[in-house]
2 protein chains.
Amino acid sequence: MDVFEALGAPHRRAIVELLGDGESTAGQIASHFSISRPAISQHLGVLVDAGVLHVRAAGRERRYSLRTESLAEVEDWLESQRVRWASALDRLSEAMDSGEGER
Amino acid sequence: MDVFEALGAPHRRAIVELLGDGESTAGQIASHFSISRPAISQHLGVLVDAGVLHVRAAGRERRYSLRTESLAEVEDWLESQRVRWASALDRLSEAMDSGEGER
DNA sequence: ACTGTATGTAAGCAATTGCTTACGCGTTGT
DNA sequence: ACAACGCGTAAGCAATTGCTTACATACAGT
């Protein structure tokens with residue numbers, strides 16, 4: 001599953017938001033939600049698979065943290081879309097300037 | 001369905017990429033994919049609902065175009081995440097500077 | 001060694017998703 | 001008026017998702 005799909009689920013986005021404050025353990029994360037701990041564990045698995053999170057074992061805990069590179073990946077995509085959109089607009093206004101009356 | 005979920009599906013992202021070149025009709029869009037036309041129609045519906053696309057009826061055609069504001073929404077979210085992440089790092093290094101030996 | 005704590009994994013299930021084919025409805029051209 | 005076109009909607013279906021409870025594993029504290 002890629003980054004976009006991973007961020008598609010609201011709960012997973014909420015997890016990312018939580019981790020914006022910094023690293024935290026699976027249990028701490030789960031405590032913020034009303035769904036079961038295993039459900040969170042599965043979401044965390046998806047996020048790690050997608051490269052959004054990084055896990056670090058620390059004793060019996062597992063500390064999750066954001067991998068900002070993955071968010072950058074999404075940002076890059078958006079950026080590239082905006083660029084293409086902008087140049088499409090350019091072409092459009094160019095066409096309107098020159099060929100106004102055509103069809 | 002919100003923008004994130006809408007962009008979660010690969011086909012829908014591909015549609016957005018297509019529309020980066022400018023407005024186009026449902027049929028034109030569908031012709032780029034191997035899935036059925038109704039399937040594309042449904043994806044278009046989702047994207048419009050999510051505010052990603054705008055439709056304009058033109059005779060018997062329907063012209064779809066990007067609503068860049070919605071992509072900006074996603075970008076804002078990412079941005080805000082990055083800000084929080086950055087300040088979390090600040091707090092961390094601050095803590096390390098001052099209280100090094102604690103814990 | 002033994003108990004409790006932190007966590008992932010397995011199995012099962014209802015709801016949702018992404019697709020298909022069949023159909024309906026307005027628009028265009030003759 | 002009528003045929004063909006462009007498109008959305010309905011119905012149905014298999015696959016996937018998001019959850020649950022129950023279980024397994026591994027470390028920590030006594």
Side-chain angles (χ1 to χ4, degrees), chain A residues 1-19 21-67 70 74 102-103, chain B residues 1-19 21-67 70 74 102-103:
Chain A
M1 201 185 281
D2 67 23
V3 189
F4 287 88
E5 290 177 71
L7 294 178
H11 276 147
R12 288 199 286 268
R13 243 171 304 144
I15 290 175
V16 168
E17 286 171 10
L18 260 175
L19 290 177
D21 289 336
E23 193 183 59
S24 94
T25 72
Q28 287 172 342
I29 295 170
S31 70
H32 290 284
F33 297 90
S34 54
I35 62 177
S36 74
R37 201 191 41 69
I40 294 295
S41 188
Q42 286 159 16
H43 282 310
L44 290 172
V46 170
L47 288 168
V48 169
D49 272 10
V52 178
L53 302 188
H54 174 254
V55 219
R56 171 165 78 92
R60 62 184 159 184
E61 296 177 339
R62 312 194 100 222
R63 305 233 166 95
Y64 290 86
S65 55
L66 265 178
R67 274 193 68 246
S70 69
V74 177
E102 282 166 64
R103 205 306 82 149
Chain B
M1 199 184 280
D2 67 25
V3 189
F4 285 90
E5 288 176 74
L7 294 179
H11 275 148
R12 286 198 288 267
R13 244 170 305 146
I15 290 175
V16 168
E17 286 171 11
L18 262 174
L19 291 177
D21 288 336
E23 194 183 57
S24 94
T25 72
Q28 287 172 342
I29 295 169
S31 71
H32 290 284
F33 297 90
S34 55
I35 63 177
S36 75
R37 200 192 41 71
I40 294 295
S41 188
Q42 284 159 18
H43 282 310
L44 290 171
V46 170
L47 287 167
V48 169
D49 272 11
V52 178
L53 302 187
H54 174 254
V55 219
R56 171 165 80 91
R60 62 183 160 185
E61 297 178 337
R62 311 196 100 221
R63 305 234 165 96
Y64 290 87
S65 54
L66 265 177
R67 275 193 68 246
S70 68
V74 177
E102 280 166 63
R103 166 90 281 241

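Residue numbering restarts at 1 for every chain, and letters A, B, ... go by the order of the sequence lines. All values below come from the heavy atoms of this structure, side chains included, with hydrogens, waters and symmetry mates left out.
An OP1 or OP2 oxygen of dC7(D) is reached within less than 4.0 angstrom by a side-chain nitrogen or oxygen of T25(B). Contact between the side-chain N/O atoms of S41(A) and the OP1/OP2 oxygens of dT7(C) is not found at any separation under 4.0 Å. In this model, the phosphate group of dC19(D) is approached by a side-chain N or O of H43(A) to a distance below 4.0 Å at OP1 or OP2. Distances shorter than 4.0 Å separate none of the side-chain N or O atoms of H11(B) from OP1 or OP2 on dT17(C).
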Walk me through it: do R67(A) and H54(A) pass the test side chain to side chain donor-acceptor pair (under 3.5 Å)?
CA-CA 6 Å; R67(A) 274 193 68 246; H54(A) 174 254; over 6 Å; no
Test log, rule side chain to side chain contact (heavy atoms under 4.5 Å, CB included), inputs R13(B) and D2(A):
CA-CA 12 Å; R13(B) 244 170 305 146; D2(A) 67 23; 3.1 Å; yes
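In this entry the distance linking CZ of R63(B) with C1' of dC7(D) reads 14 Å, nearest Å. Distance, Q28(A) CD to dT5(C) P: 16 Å, rounded to whole Å. The distance between atom CZ of R56(B) and atom P of dG6(D), rounded to the nearest whole Å, is 17 Å. The interatomic distance linking L47(B) (CG) with dG8(D) (P) rounds to 12 Å, in whole Å. In this structure, M1(A) places its CE atom 9 Å from C1' of dT16(D), rounding to the nearest Å. Atom CZ of R37(A) is separated from atom C1' of dA22(D) by 12 Å (rounded to the nearest Å). Distance CZ (F4(A)) to P (dT17(D)): 17 Å, rounded to an integer number of Å. Rounded to whole angstrom, the span from the CD atom of E61(A) across to the C1' atom of dG4(C) amounts to 14 Å.
Nearest-nucleotide assignment on DNA chain D puts the 5′-proximal partner with L44(B), out of L44(B) and I35(A).
Between L18(A) and F33(A) the shortest heavy-atom distance is CD1-CE1, 3.7 Å. Minimum heavy-atom separation, V3(B) to A50(B): CG2-O, 3.6 Å. Contact detail for A6(A) and R12(A): the closest heavy-atom pair is O-NE, 2.7 Å.
Residue contacts for Y64(B): at a heavy-atom cut-off of 4.0 Å it reaches the sugar-phosphate backbone alone, with no base atom in range. Using a 4.0 Å heavy-atom distance criterion, A26(B) is classed as a sugar-phosphate-only contact. Contact annotation for A9(A): backbone-only contact, meaning every heavy-atom pair under 4.0 Å involves sugar-phosphate atoms and none involves a base.
Taking only distance into account, the side chain of R62(B) never meets the base of dG8(D) through a donor-acceptor pair shorter than 3.5 Å. Evaluation of atom-type donor-acceptor distances gives a pair under 3.5 Å for the side chain of Q42(A) against the base of dT20(D). Side chain R60(B) to base dC5(D): a donor-acceptor pair is found below 3.5 Å.
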